[in-house]
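Reading through the structure tokens given below for one structure.
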There are 2 protein chains.
Amino acid sequence: MARQRDTINRVLEQHLQNYHSPAPQLQQAMRYALVLGGKRVRPFLTYSVGEICGASAQVLDHAAAAVECIHAYSLIHDDLPAMDDDDLRRGQATCHRAFDEATAILAGDALQTLAFELLTAIELQLDPQRQVQMLRALSQASGSRGMCGGQALDLAATARQLTEAELEQVHQLKTGALINAAVQLGVLSGSEEAQQYLDDFSQFAALLGLAFQVQDDILDVTSSTEMLGKTKGKDEAAQKSTYVTLLGLEAAQVKLTQLHQKALQALQRIPYNTQLLENFAEQLLTRDY
Amino acid sequence: MARQRDTINRVLEQHLQNYHSPAPQLQQAMRYALVLGGKRVRPFLTYSVGEICGASAQVLDHAAAAVECIHAYSLIHDDLPAMDDDDLRRGQATCHRAFDEATAILAGDALQTLAFELLTAIELQLDPQRQVQMLRALSQASGSRGMCGGQALDLAATARQLTEAELEQVHQLKTGALINAAVQLGVLSGSEEAQQYLDDFSQFAALLGLAFQVQDDILDVTSSTEMLGKTKGKDEAAQKSTYVTLLGLEAAQVKLTQLHQKALQALQRIPYNTQLLENFAEQLLTRDY
């Protein structure tokens with residue numbers, strides 16, 4: 001994964017150079033938010049799934065970067081004073097603290113655009129039909145029926161205890177949809193034959209995404225600000241519903257294990273070597289940061 | 001144009017229904033910003049150019065709405081306290097005043113996504129290659145090398161007198177790029193034959209876009225808040241460079257006339273009936289609001 005992260009960072013840096021803005025401050029803020037730090041969960045999934053599905057490196061470089069651009073933009077905007085009002089992200093000042101609010105808003109906006117622009121790159125060695133499918137998957141996952149919708153529901157839910165079904169919907173939209181898109185873009189970058197397993201990969205992604213969120217909720221209670229690289233205990237302070245407040249710590253840990261097992265089962269329906277994804281799920285769901 | 005505006009409003013409303021968000025407040029804020037009011041300059045251009053180029057109504061309904069979604073999102077974010085801090089837009093409370101800042105940020109984000117999602121609609125009766133070209137044109141025009149870049153340069157230029165070349169760059173990016181995209185999407189929606197005139201239409205759009213901005217600068221001085229539907233004299237208050245501060249009112253009016261003439265000349269190179277666009281340019285550049 002460390003090697004993969006280096007590749008991802010190099011590719012992101014290269015794309016930012018290729019799409020260089022005439023506005024220097026905007027360019028710096030985009031780079032700050034996109035290139036520095038991050039676990040790179042989503043691009044890792046795109047690369048791994050894409051390699052399993054026989055995708056070319058050139059297409060994956062665009063697809064993985066596009067997903068990470070959406071993720072980075074959402075973090076910039078989530079951290080804004082009007083939203084979660086966070087000072088720390090990935091152990092560093094959040095974008096609006098390092099620059100200013102206006103620049104942070106614009107950097108988020110422009111990173112969202114860049115995500116879609118990357119998928120329209122003229123030199124992509126890909127069937128245009130497939131290119132449109134990728135653009136559709138990423139936009140569906142990001143918009144008002146995906147990530148933005150989840151963030152809106154999450155904001156509306158503050159200071160109210162959600163049911164487990166409501167909480168699952170928030171997470172499915174807020175983080176699950178983009179994790180799913182990361183996996184879908186990997187499949188869509190791949191061979192014609194691999195397309196028949198799109199649903200199986202999607203199911204794996206949905207289960208992994210939810211497990212990832214349960215783990216996040218657990219870590220918000222059990223880890224430290226230093227380990228997390230972001231302010232710990234924020235959920236509790238904001239009286240947000242989490243799997244821990246809803247189920248208790250122990251039952252949340254049981255749920256995490258169950259989701260992990262189901263995710264592995266979804267992988268077993270795919271007749272390719274998915275060892276890389278199994279290892280990744282293991283690492284991701286036993287992480288302490 | 002009034003008939004065209006009704007069509008545009010109906011189509012925007014329909015798209016919002018089709019892409020309905022599970023988050024009610026977000027959906028309302030998107031509708032508030034997108035459907036209520038506006039001159040509809042950009043979708044009008046897409047429809048007009050598209051009809052001249054033999055495009056189908058179904059494709060134009062998506063293309064025109066996509067451009068207007070980008071425009072509406074940019075207005076929401078430009079009006080935010082951290083940006084231009086405006087209370088009035090189109091004679092009504094700005095989105096963050098009618099709702100709240102967090103909702104306004106998300107509504108802008110989700111409208112941007114919707115723009116791209118609309119162009120990926122599965123039912124579009126269009127060559128996927130052309131669909132990708134439309135997505136590319138819209139993303140290029142919107143991002144850090146287009147509209148967002150222009151907004152960033154504009155923010156950085158406050159309280160400093162720009163040269164005419166600098167001011168032109170700001171406007172070319174901040175408003176010109178999207179007006180150009182509106183025209184390009186009209187051509188790209190059209191027949192194979194019409195594609196050879198893409199550059200001529202683009203030149204018309206560039207000149208019209210710049211003329212539109214010069215007219216905007218003039219109106220900010222000569223019109224009233226009531227007529228404009230937004231706070232007048234904002235440019236002066238913010239010590240922003242405008243064509244009026246740079247050239248003086250009279251020379252700005254001469255420049256407007258020159259740009260208008262050149263735009264009409266660009267149209268004359270196109271062997272189609274472009275009367276509709278000539279009339280539109282006339283209306284747009286003699287408007288008093």
Side-chain angles (χ1 to χ4, degrees), chain A residues 19-27 30 73-74 77 80-83 96 100-122 124 127-133 135-136 138-140 142-153 155-156 169 173, chain B residues 19-27 30 73-74 77 80-83 96 100-122 124 127-133 135-136 138-140 142-153 155-156 169 173:
Chain A
Y19 293 83
H20 201 276
S21 172
Q25 172 116 332
L26 177 62
Q27 177 79 16
M30 290 171 74
Y73 119 68
S74 76
H77 284 190
L80 286 168
M83 307 271 271
H96 66 278
D100 57 65
E101 255 188 85
T103 304
I105 293 167
L106 285 173
D109 290 344
L111 280 172
Q112 175 171 196
T113 323
L114 181 57
F116 296 110
E117 192 169 1
L118 281 171
L119 293 182
T120 70
I122 203 157
L124 271 193
D127 172 18
Q129 180 74 57
R130 204 69 85 65
Q131 234 172 320
V132 172
Q133 285 178 298
L135 283 152
R136 188 182 306 138
L138 190 61
S139 58
Q140 278 180 356
S142 310
S144 69
R145 301 183 303 164
M147 190 183 70
C148 279
Q151 176 69 359
L153 286 177
L155 286 172
Q169 188 196 24
L173 296 172
Chain B
Y19 293 84
H20 202 276
S21 172
Q25 171 115 333
L26 176 63
Q27 177 79 15
M30 289 169 75
Y73 118 68
S74 77
H77 284 189
L80 286 168
M83 307 271 270
H96 66 278
D100 56 64
E101 253 187 87
T103 304
I105 293 167
L106 284 173
D109 290 344
L111 280 171
Q112 175 170 198
T113 323
L114 181 57
F116 296 110
E117 192 168 2
L118 281 171
L119 293 182
T120 69
I122 203 158
L124 272 192
D127 172 19
Q129 180 74 55
R130 203 69 84 65
Q131 236 172 318
V132 172
Q133 285 178 299
L135 284 151
R136 187 182 306 138
L138 190 62
S139 58
Q140 279 180 355
S142 309
S144 69
R145 299 183 304 164
M147 190 183 71
C148 279
Q151 176 69 1
L153 286 177
L155 285 172
Q169 188 195 27
L173 296 173

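All of these numbers come straight from a predicted model, not from anything done at the bench. In what follows, every chain begins at residue 1, and chains take the letters A, B, ... in the order their sequences are listed. Scope of the values below: all heavy atoms of this structure, side chains included, with no hydrogens, waters or symmetry mates.
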* To do: Measure the shortest side-chain to side-chain distance between Y73(B) and D109(A) over non-hydrogen atoms and say whether it is less than 4.5 angstrom.
  => yes
* Asked: Taking every heavy-atom pair that is under 4.5 Å apart, which of Q151(A), R136(A), M83(A), H96(A) has the most such pairs with chain B?
  -> R136(A)
* To do: Classify the ring geometry between H77(B) and H77(A) as parallel (under 30°), tilted (30 to 60°) or perpendicular (over 60°).
  => perpendicular
* With a 4.5 angstrom heavy-atom cut-off, could you sort out which part of L106(A) is near chain B: side chain, backbone, both or neither? => both
* **chain A contact via L173(B) - side chain, backbone, both or neither, heavy atoms under 4.5 Å** => side chain
* Asked: Side chain, backbone, both or neither: which part of L111(A) has an atom under 4.5 Å from a heavy atom of chain B?
  -> neither
* Asked: Atom CG of L138(B) and atom OG1 of T120(A): how far apart are they, to the nearest 0.5 Å?
  -> 10.0 Å
* Structure fact -> Ranked by heavy-atom pairs below 4.5 Å to chain B, first place among E101(A), Q112(A), Q131(A) goes to Q112(A)
* Asked: Relative to chain A, which segment of S142(B) carries a heavy atom at a distance below 4.5 Å: side chain, backbone, both, or neither?
  -> both
* Under 4.5 Å, counting heavy-atom pairs only, tell me which of A102(A), A121(A), A104(A), P24(A) racks up the most with chain B. => A102(A)
* Could you grab the distance from atom CE of M147(A) to atom OG1 of T113(B), nearest 0.5 Å is fine? => 7.0 Å
* Cut-off 3.5 Å, side chains only: do Q27(B) and S144(A) have a donor facing an acceptor? -> no
* **Per-residue contact mode, Q25(A) against chain B (heavy atom under 4.5 angstrom)** => neither
* Between A107(B) and chain A, which part of the residue has a heavy atom less than 4.5 Å away: side chain, backbone, both or neither? -> neither
* Which atoms of L114(B) approach chain A - backbone, side chain, both or neither, heavy atom under 4.5 Å -> neither
* So how far is it from R145(A) CZ to L26(B) CG, rounded to the nearest 0.5 Å? -> 12.0 Å
* Asked: Looking only at heavy atoms, which two atoms of G149(B) and A23(A) are closest? And how far apart?
  -> O-CB, 3.7 Å
* **Interchain contact, H20(A) with chain B, by part (heavy-atom threshold 4.5 Å)** => backbone
* Do V132(A) and L119(B) have side-chain heavy atoms sitting under 4.5 Å apart? -> no
* Atom pair CD1/CG of I105(B) and L80(A) - distance to nearest 0.5 Å -> 5.0 Å
* Structure fact -> Looking only at R130(A), Q133(A), Q129(A), the option with the highest number of non-hydrogen pairs under 4.5 Å against chain B is Q129(A)
* **Side-chain touch P22(A)/Q169(B), heavy atoms, less than 4.5 angstrom** => yes
